Amino acid sequence: MDMSSKRIKGNANLRRGLGSKTTDSDKIMEDPPAGDWLALRSDQLLKWIDDAVYNAAETTGMREVVDRVTRPIFNYAQRFSPHPLHFGIMCCAIEMGQASAPDHDIDRLGLVYRSSPRQCDVLIVNGPVCEKLRPKLKTLYEQMPEPKWVIAMGECAISGGPYWDSYSVVAGADTFMPVDVYIPGCPVRPEALMHGFLTLQKKIREKEPGMFLRR
Amino acid sequence: MSLFSFCKAMAEWTADYMLIPVFNFQAGLFPPFSNPAGDIADWLETDGGLNTLAWLFAVNIAFAIGMTNLIIVIHLERKIAARIQDRRGPMLSLRSFRELGEDLAGNSPSWRFKQNYAGIGILQNMADGIKAITKELIIPAKADKFLFTMGPIIFISSSVFLLVLFPLSDRFAASSAPAGLMVIMAAFSIAPIGVLTSGWASNNKYSMIGGMRSAAQLMSYEIPLLLSMAGVFLLAGSFDPVTIVEQQQQSTWFFGLPMWNFIPQFIGFIVFMICILAEVERVPFDLPEAEAELVEGWTTEYSGIRYMLFLAAEYIRGFAGAAVCTILFLGGWAGPWPVPPEVWFLLKVYLILIFWIFIRWTVPRIRTDQILELGWKKLLPLSLINILIVIFMVEIYPYLSDTLTLLPEVF
Amino acid sequence: MAEMWISMGPQHPMTHGLWTLKVKVDGETIVDADPELGYLHRSVEKMGERRKYFMNTTLTDRLCYASSTTWTHCYALSVEELMEVEVPQRAQYIRTIMLELQRLASHLMWAGAYMPDLGHITGALYFWRDRELFLNLLEAPSGSRLLYNYIRIGGVKRDLPDGFEQKTERILKLFEQRLDEYADLFENSKIFRMRTEDVGKFTAAQAQNLGITGPNLRGCGTKFDLREHDTYEIYDEIDWDIQTREAGPGYSDCFSRYMVRIDEMRESIKIIRECFKKMPAGPTMASKIPVRATGEAFRRTEDSRGEALMYVVGDGSDRPYRWKIKSPMFTTISACPHYLKGYKVADIPAIMGSIDICIGETDK
Amino acid sequence: MEIKAFMKEVSSVKGVTKVGLVRNNVVKCNLDKEGSKDFFVKLKDDFGFEHCSLITAIDNQPQFELVYHFSAINGSVFVKDSSAAVMAEIHIFLDRDTPTVESISDLWFGANWHEREAFDLMGIYFIGHPDLRRVLLPEGFAGHPLRKDYVYEIHEEEW
């Protein structure tokens, strides 16, 4: 529940075009003073146009109509094109690599591993998260653009797994970041990883209807 | 009928039946002063106005064709790569639209994953592209905001610009300038500026090294590239793509076969193929975005649609590079009759692209110092040798043969 | 460009695991390097002190995800030394077969991970396709895919299944053909050699002092293999050779290290075949295995990455009092400033990939 | 040098006690903490132990025990009629109050990180080490976890 409100905020920034920091969420509905349009800065102008379009769409009921059409389309695109982060922690990372090998070929599901967190949708936590790694993993998660999902792959990422009594392993990835899909197994087989992605697809379709004109 | 005359007819039709009535109507609604609608209607009736409208149509048609090709190229790349690697590649099928229909109609969802993944996967590109629109655009806090936004604009616009610059045949050209190929090459070398800009503005060390590498690569490759093209220009005596293709068609070999440029200028052809690979930054010369050491190179900090457009622009450049190669060395749109020349042209372009895809997935990437060494020490002398051969063909050989035929008359 | 530090990792395609390499570069030339470990420190040694001897095989399996059998075997050997257990002859043969199959799988894992470092993704998928064959073979007797837990203290879990020999022979034959095919794609390729030759050089004397062992040391031309020089199981009864390569007189580069591993794969095939030929019948588990142990013992084995050493101290209880793991990669990574200096940034993945990093065993 | 001759030479060095054979190719001996560096220099230069395999620290409560493993890769010490490579296992005992010993990382670079690890997990201080800081645990971690008196919380759940 908490996550959904966060996501809306991120998308609002996206709609504002440049994601500029000067936009203040309290002043969104304010109209610029008449006659001063030429004096606006470019980001203010964009914001004003954005608001004007939104208000017009809202009052005429256009927003409902547009959303009704665009929502399934965006949702379709989001769920059929998950780009995971190329990030390996332990054993399950090997199986993650093996899943893209010819025998299993996870590329069939449209997966492209990207190395930069800026270009990814899915973070696969595939191993034990140690105390030293936790801040880095959190940073990686925060570097990813909205909307984003997390898959906890394997027992270690779910609960600490075989390292439950270690002094340095965190008891599961969900203790410090939201996790969408859990894949049990030690290690997770490539088939299970594929099933995990299909489950994520299911979840995106049911829980997150996409957006176009949404606050 | 050429593309331009077709567009001219279309422009006349739209101007007469749609635009001028609309503008006149609007001019009637408002007082005439400070109302440009009437002026626009008048201007559309003139020759200049009609020509401008016709060019607009022509450019848009060329652009649409280029973009369609782009989708096919990306799909080909993924599928052929998968086949090389003994896999199947993306398989998102048209039947996955069933889910879209259910969502649009508001029906309860059904889960038939097997049906979604049983096609040829051309929808995968659409899904990737539309998804990129919905992603958040991130500008890093310490990045140079203006240049960070400008970098992609420079890179993408210069690449998309390429799409309308080359003709698909002598009758299908959105633009035909006497200096056509020079403009194309100039447009090609704008992009590294965008790479350097965005690499520097990202405030990321990987990006910066990527941008620097791009600049270094540009310097070492532009010179042999243009020198290898110089041979073709000398032979044709023109920079115009149409003239170059016609010249290739006219010069014949044994059995009356046309002697395309890659036969007499084989050295130049090899040099050009290597250099254009470096120009469009494909493996083995994709140093600026070398994934193994520079994460994603100069695109590391870009997210969402910006990154997706970078990716698309690279394929557009690949497509344009293959088109230039076809025009210069492979006889352009020339081919036996029943197949239209545009199809011949695209066939040749795709042949080159598929060759590049095979190269990309079968060789490792080479190193920066090796690329510079190759450019300066090997390719530059080779392209100069090529020019020497062409000079011999164009200038000295006719002179010599003339003298030799004259000799019996003298004695 | 002035000198600057670049931090690679823990999320970086070059790292092959979870560590950070900080390099100081002048332009694109590496001036200095500083590796940093510990992102995967799971405190296996401390946890082992809380578990009984036979329970620790779960942890040793997860030490190195690329070659789990070798580590479990090393642990089992040292505990058998501590408890003075005699392993039956047939179990030793089965162990040898499993070890060599695991070595093949591990080297294939490495080769697959090495190719994308050079920008050659197809190579990775080719090698991983073959690795799948050996994973299937290892799965047949053990019943598990990546972490087998097959080798136990005193023997192996169960006997080989029916038809295992024929299946293995079929796969080995196929794999030999493929290795010959790959030769054209990799070691005979001009660009591949351009990237790997004369890169990441160190001499044999240097390597011994730096603590580099295994295939990396044999790449310098040093004939040192613990299967021969501190022999265990039945390696002394089998006819095989130590594979060495050298790039020049007494030094190695990335290409020689690559070739040593390819040669070792061929040698492993030979060993497996011979094991099947000589394998006797009999039990696969020692008849009596004690639970408690006193004293100290260590054994070292030739892991796919080098010298693996486990030192176990017992205090008379059923749990180890102290259990120390020596990972070959720990020292090899620590020495990386020595063999990275002077090369280009683009060489980092080529060099670090060629020494075959596994962080699971390194961070323990 | 044959392994028997090696044992004889080692036992004559000052500070070495209890020289014995563990296996046919492993020599085990105890060494005093004082003057240990001289012995290690001799081990490397005279006997040709090129490779430092491992440094283990054991918390024997109350004292600490350091175990060094060296191996002769080039065969300067050998076993007769055998291809086995000779190892030397050296034990040094340290007081709990002063867990310090001289560093050998200038002799064997491979010992560098083993010493760092022993410092990190067991809290042994190596005098003369060029860069003695934590290697596996994060900076600012309190305590040395492999010591027997290190107490930490285990999240044991009822089930």
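Each chain gets a letter, A, B and so on, in the order the sequences are listed, and its residues count up from 1. This one's a predicted model, so the numbers in the text were calculated from it and none came from an experiment.
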Margin query: Is A/I73 close to chain B through its backbone or its side chain, or both, or neither, when contacts mean heavy atoms under 4.5 Å?
Written below: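 Answer is both: backbone and side chain atoms of A/I73 are under 4.5 Å from chain B.
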Check: Side chain, backbone, both or neither: which part of A/D103 has a non-hydrogen atom closer than 4.5 Å to chain B?
Finding: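 Neither part.
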[Y] side chain reached by [X] side chain, heavy atoms, under 4.5 Å:
{"X": "A/P147", "Y": "B/K135", "value": "yes"}
{"X": "A/D107", "Y": "B/Q85", "value": "no"}
{"X": "A/H83", "Y": "B/D128", "value": "yes"}
{"X": "B/P109", "Y": "A/K202", "value": "no"}

Next item on the list: Could you walk me through whether B/D103 and A/R71 pass the salt bridge (charged side-chain N to carboxylate O under 4.0 Å, His left out) test, one step at a time?
Entry: CA-CA 9 Å; B/D103 288 353; A/R71 226 181 241 161; over 6 Å; no
Would you give the length of the straight line joining atom [atom1] of [X] to atom [atom2] of [Y], rounded to the nearest 0.5 angstrom?
{"X": "A/Y76", "Y": "B/I130", "atom1": "OH", "atom2": "CD1", "value": "8.5 Å"}
{"X": "B/I133", "Y": "A/Q78", "atom1": "CD1", "atom2": "CD", "value": "11.0 Å"}
{"X": "B/L311", "Y": "A/R114", "atom1": "CG", "atom2": "CZ", "value": "6.0 Å"}
{"X": "B/I138", "Y": "A/M144", "atom1": "CD1", "atom2": "CE", "value": "9.5 Å"}
{"X": "B/E99", "Y": "A/N75", "atom1": "CD", "atom2": "CG", "value": "9.0 Å"}

Checklist line | Aromatic plane relationship, B/Y117 with A/F80 - under 30° parallel, 30 to 60° tilted, over 60° perpendicular | finding: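 Correct class here is perpendicular.
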Specify the closest pair of heavy atoms between [X] and [Y], including all atoms of both residues, with the distance to one decimal.
{"X": "B/S303", "Y": "A/R118", "result": "CB-O, 3.0 Å"}
{"X": "A/D105", "Y": "B/G89", "result": "OD2-N, 3.4 Å"}
{"X": "A/V112", "Y": "B/R78", "result": "CG2-NH2, 3.4 Å"}

Notebook entry, point to check: With distance as the sole test, does A/Q119 use its side chain to make a donor-acceptor pair with the main-chain N or O of B/T299 at under 3.5 Å?
Noted result: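 Side chain of A/Q119 to backbone of B/T299: a pair is present.
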Checklist line | CZ/A/R189: more than 12 non-hydrogen atoms of other groups inside 6.0 Å | finding: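 Yes, the 6.0 Å shell around CZ holds more than 12 heavy atoms from other groups.
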Margin query: For B/W200, I'd like to know if atom CH2 has over 12 heavy atoms of other residues, nucleotides or ligands within 6.0 Å.
Written below: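 No, the 6.0 Å shell around CH2 holds no more than 12 heavy atoms from other groups.
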Check: Which answer fits B/L104, side chain, backbone, both or neither, if we ask what part of it has an atom under 4.5 Å from a heavy atom of chain A?
Finding: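 For B/L104, heavy atoms of backbone and side chain both lie under 4.5 Å from chain A.
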Next item on the list: Give, as side chain, backbone, both or neither, the part of B/A105 having an atom under 4.5 angstrom from any heavy atom of chain A.
Entry: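 Just the backbone, heavy atoms under 4.5 Å.
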